[in-house]
Number of protein chains: 2
Amino acid sequence: MSKSLENKEFGVKQIARLANVSIATVDRVLHNRKGVSEATKKRINDIIKEFDYKPNIIASRLASKKVSKYAVLIPSSTETDFWEAPLSGIDRAAKALKQYGIVVLKFFFDLNDKQSFLKQVDLILEEAVDGLLVAPSFVEEAIQLTTRCNERKIPYVFINSDVPGQNSVCYIGPHLFCSGYQAAQLMDFAVKTGKVLLINVSKELDQYHHLLRKEEGFRAYFEKNNKKLQILKLDIKQTDSSSIEDALDKVFSEQKGIEGVFVTNSRVSAVAHYFERKSIVKVLIGYDFLKENIKYLELGIIQFLICQKPEEQGYRGIMTLHRYTDLHERRIEDQFMPIDIVTKENYRFYHN
Amino acid sequence: MSKSLENKEFGVKQIARLANVSIATVDRVLHNRKGVSEATKKRINDIIKEFDYKPNIIASRLASKKVSKYAVLIPSSTETDFWEAPLSGIDRAAKALKQYGIVVLKFFFDLNDKQSFLKQVDLILEEAVDGLLVAPSFVEEAIQLTTRCNERKIPYVFINSDVPGQNSVCYIGPHLFCSGYQAAQLMDFAVKTGKVLLINVSKELDQYHHLLRKEEGFRAYFEKNNKKLQILKLDIKQTDSSSIEDALDKVFSEQKGIEGVFVTNSRVSAVAHYFERKSIVKVLIGYDFLKENIKYLELGIIQFLICQKPEEQGYRGIMTLHRYTDLHERRIEDQFMPIDIVTKENYRFYHN
DNA sequence: CTGAAAGCGCTTACAG
DNA sequence: CTGAAAGCGCTTACAG
């Protein structure tokens, strides 16, 4: 390593000297603290502008020993292991930010229980956090949360699903419509003739809304590119394996000529499991890089999985809170995740 | 923000007190500087271990004002705009590390001129850098470089293509064989009957070696999954448009029944251009998220582009140098990039 | 081989 | 409304 060659950097001391004040006063205007006359305030701000002064955040952190506290509110991983990935992204970010005095508190709710969401919200608000990363799985409950955050001026970032018009810092997650559109193109490639079956598997109505947006994208593709292909639809409102099996039995006995199946979420493994047992061979497309799904990808029963960087979503969520809360960035844009196509051939290289 | 609640952290002062020495001596053993008796050294090290002391790198950086200097050696973007992406990743990392006193010097060579590579190497070695990120496009010249780096104990990271067995910190880039394998699967899906044409477009022999590894992967897929499909091969050793056109004219007049074309690098746009002019409709698969390629993807002339996160390669390259040089991480693994499948439907969401 | 003291660039009471 | 001084946890000459 070499020494810094630059002579004395331009800092508070220099500003103070030029403005004929003490560094304490410079610090006051730097942080918009009151108790400075307009005249000296202007004088100092002019100098800051003229020299394009940037504070040394290293020194600032060392001196202030500030600590930021973020809360995370996401589903627990009991029902599905999908949320393990965002969680590990959150942990990765937390680890990276730890040495800058940032603490991340984690709260989990049950995807089958709206009350558990509200209960965790209470706990979070007791903590006086500086920012919140939340998966707004339940729309109404999420709005209750944002209302309370707005009152307290706590900024929040939405992850994985969006509730538009809620004054969030930003949304980080998939563009649902477009991911359905992509699924359709893959289906169009792989299925030359016959019918296509679209399956929504979901208990909770809130989740179902998100699936509908993917369905719209899927249909939009065929509307535009291949109107002849017939799309059948199956809603499965129970997620236990026997309900799924019954529903599949029914549709495949009633409908002949189904060549491709698109499952609009990670439940695709349940369909794959069924195909395996019944030795059914069709093009099968679904969502998410989960162990079960990868197993069937490897077996050649699932052809394509669409994945949307769940780990990255968690990582970016925390980093975005940091950018907003600590680095005072504004106008942070929504961050749509890439629409990754995962296959038997490339899954080993996939970065969540 | 809340104040740190923890009482006085455990630091050099505490260690010094416990060991009955001054903090200067503690600093000496912390940095393995000589001039400390074995006895006190042991005493201090024991305390460090016992309390699992971790230095405050914020304070350390502020006090030392250390600066690290990395060099980057990559192709200039005159011939192809591929290298703009790694460059922008490098800039992004440089920007993030700037406030930690890390400086990145950039050097460029001409992909058509091995001498220019060696010339830049001389310039870099004059700079006494602390680390090097290099695209070893020319194998022999790269080995000359690594030899000289080894003498000077300058660590180096390979990016985009590898030269195995060279004692690099690690390799960051695509797994060529597997990316060819993935291309073959897409081709297999999209082409049901007929022949497939594989095209290598490359002037320099060194680049050609890399293309061969993709070709091997491509063939391996069909060897395993679909032996019936016939694979034709075309080498184009000149990269100007009229040479490419002549070669394509020749192959398409001689060979009938070609349904799919796989171009093993980013030159796929040249083939797409040809298809457009001659109104040829075939499945076309190639490499890299370049403006020209995206244009033909949008037009539906190219179906799939395989991309390997060029921006990310640059970013990771610098960050890896930082991890090795400044954070003293060891055993850093090779980092294979994901094999991204980019289509007309998802390219808008692609993160380079 | 070891220590006392100044300093990195900022922040924070405290005093006026 | 403003300033002098101490301090954040480490590093760096300098002196012995």
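Source: prediction; values computed, not measured. Below, read A as the first sequence line, B as the second, and so on, with proteins coming before strands; counting in each chain starts at 1.
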Open item on the list: Below the 4.0 Å mark, does C:dT2 have OP1 or OP2 next to a side-chain nitrogen or oxygen of B:Thr40?
Closed with: yes
Open item on the list: With a cut-off of less than 4.0 Å, is there a side-chain N or O of B:Ser22 near OP1 or OP2 of C:dG3?
Closed with: yes
TODO: Measure from the side-chain heavy atoms of A:Ala59 and tell me the nearest of D:dT12, C:dC8, C:dC10.
DONE: C:dC10
- [ ] Quick one: pull up CG in A:Leu132 and CZ in A:Arg152 and give me the separation to the nearest 0.5 Å.
- [x] 11.5 Å
TODO: Among the candidates C:dG3, D:dG3, C:dA5, find the nucleotide nearest to the side-chain atoms of B:Val21.
DONE: C:dG3
Task: Nucleotide nearest B:Ser37 (side chain, heavy atoms from C-beta), chosen from C:dG3, C:dC1, D:dC10 - done: C:dC1
Open item on the list: Using a 4.0 Å heavy-atom cut-off, does B:Leu30 contact any base of the nucleic acid, only the sugar-phosphate backbone, or nothing at all?
Closed with: nothing
Task: Length of the line joining B:Ile58:CD1 and C:dC8:C1', which is rounded to integer Å - done: 13 Å
TODO: Indicate the atoms forming the closest heavy-atom contact of A:Leu321 with A:Pro155, along with that distance.
DONE: CD1-O, 4.3 Å
TODO: Scan every strand shown for a Watson-Crick or G-U wobble partner of C:dT2, both distances under 3.5 Å, and answer none if you come up empty.
DONE: D:dA15
Open item on the list: Can you tell me if A:Tyr53 touches the phosphate of C:dC10, counting only side-chain N or O atoms and a distance under 4.0 Å to OP1 or OP2?
Closed with: yes
Open item on the list: Measuring from the side chain of B:Ala24 (C-beta onward, heavy atoms only), which nucleotide among C:dA4, C:dT12, C:dC8 has the closest atom?
Closed with: C:dA4
Task: Protein-nucleotide distance (A:Leu62, atom CG; C:dT12, atom P), rounded to Å - done: 12 Å
- [ ] To the nearest Å, give me how far apart CZ (A:Arg33) and C1' (D:dG3) are.
- [x] 15 Å
- [ ] Ignoring backbone atoms, test whether B:Lys65 places a side-chain nitrogen or oxygen under 4.0 Å from the OP1 or OP2 oxygen of C:dG9.
- [x] yes
Open item on the list: Check this for me, if you would: do B:Lys42 and B:Asp46 make a salt bridge, where the nitrogen-to-carboxylate-oxygen distance has to be below 4.0 angstrom?
Closed with: yes
Task: Residue of the set A:Val104, A:Asp130, A:Leu97 for which side chain to side chain contact (heavy atoms under 4.5 Å, CB included) holds with A:His322 - done: A:Leu97
- [ ] Could you state the atom-to-atom distance from CD of A:Gln14 to C1' of C:dG9 in whole Å?
- [x] 9 Å
TODO: For B:Gly35, answer base if it contacts any base atom (sugar-phosphate contacts may also be present), sugar-phosphate if it contacts only those atoms, and nothing otherwise; contact means non-hydrogen atoms under 4.0 Å.
DONE: base
TODO: Report the distance from atom CG of A:Asn20 to atom CD1 of A:Ile44, rounding to the nearest 0.5 Å.
DONE: 10.5 Å
Task: A:Arg28 side chain, from C-beta outward: closest of C:dC10, C:dG3, C:dC14 - done: C:dC14
TODO: Check the distance between C:dG3's C1' and B:Ile23's CD1 and give it to me in whole angstrom.
DONE: 9 Å
